[in-house]
Every structure is written in structure tokens, then in C-alpha cells.
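Just so it is clear, the values below take in all heavy atoms, side chains as well, and ignore hydrogens, waters and symmetry mates.
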Amino acid sequence: MTVEEISEINPEALICEGFDGAIIGMAERVNLGPVVAYDVDIIINILMERDGMTDLEAIEYYNFNIVGAWMGEFTPVFISK
């Protein structure tokens, strides 16, 4: 699913810039519109490859700066497999 497809479904859905390759689709929650769903493992890999982080640095960054950020009702969801 592309960012363009997502914006057609929900123009207010928030996107994590730089992590388009980790988008696995959209998810819905009760009484809220569809939001972007990201694959956690792919996010960690992007941080390691793109930013040169170790696995522990990438996990810490993800936990604090990505999954720990609440940006309102259209905040993305993060899927662990």
C-alpha cells in the first residue's frame, strides 16, 4: 500500500516519514477512522541500515521516538510478528 493510496482512504492518517517501506496496510479501531499499520521489524531494519544503528540502538530509538509518540486519533499502529 502506498502513501497515495492511504491518503485516498484517510487524508488525515499520519505517516512516519522515512518508513514507507515498513507500511503493511491500514488498521481500524473502534470509533476511529483507518490508520496506517507498520511492521516493527522492518522499521528496526531501516533504522539499522539507513542510520547505522546497532540493533539495541534501533530498538531503543523505536520504543522512545516512534511507538512512544501519541499524535492524536490518527496515530499509526505498529505490528509485531
Same cluster (ILVMFWY, side-chain, under 4.5 Å), Val3 and Phe19:
yes
Please report the closest heavy-atom contact between Ile42 and Gly21, naming both atoms and the distance.
CG2-O, 3.6 Å
Treating Glu5 as the side-chain partner and Thr2 as the backbone partner, does any N or O pair qualify as donor plus acceptor under 3.5 Å?
yes
Note, Ile6 side chain near Ile23 side chain (heavy atom, < 4.5 Å):
yes
Would a hydrophobic clustering, with Ile, Leu, Val, Met, Phe, Trp and Tyr connected at side-chain separations under 4.5 Å, put Val67 with Met26?
yes
Hydrophobic cluster identity match, Ile46 and Ile24, side-chain contacts under 4.5 Å
no
CG on Asp39 to CD1 on Ile79, rounded to 0.5 Å
8.5 Å
Identify the two heavy atoms, one from Gly72 and one from Thr75, that lie closest to each other, and give their separation to 0.1 Å.
O-OG1, 2.6 Å
Determine whether Ile66 and Tyr38 make a side-chain contact, defined as any pair of heavy atoms from C-beta on separated by less than 4.5 Å.
no
Within the distance-only criterion (no hydrogens, no angle test), does the side chain of Arg29 pair as donor or acceptor with the backbone N or O of Val77 below 3.5 angstrom?
no
Do Ile15 and Phe74 sit in one hydrophobic cluster, given that two such residues count as connected whenever their side-chain heavy atoms are within less than 4.5 Å of each other, even indirectly?
no
Residues Leu47 and Ala58: closest non-hydrogen pair is CD1-O, 3.6 Å
If you take all heavy atoms of Asn10 and Pro34, which pair is closest and at what distance?
ND2-O, 2.7 Å
Non-hydrogen side-chain atoms of Ile9 and Met1 separated by less than 4.5 Å
yes
Side chains of Val35 and Pro76 in contact at under 4.5 Å (non-hydrogen atoms)
no
Are Asp55 and Met48 close enough that some pair of their side-chain heavy atoms sits under 4.5 Å apart?
yes
Are the side chains of Glu57 and Tyr62 in touch, meaning some heavy atoms are under 4.5 Å apart?
no
4.5 Å side-chain heavy-atom contact, Phe78 and Cys16:
yes
Measuring from Glu60:CD to Ile44:CD1, what's the distance to the nearest 0.5 Å?
11.0 Å
From Ile43 CD1 over to Arg50 CZ, what is the distance, rounded to the nearest 0.5 angstrom?
10.0 Å
Salt-bridge criterion met for Asp41 and Lys81 (N-O under 4.0 Å)
no
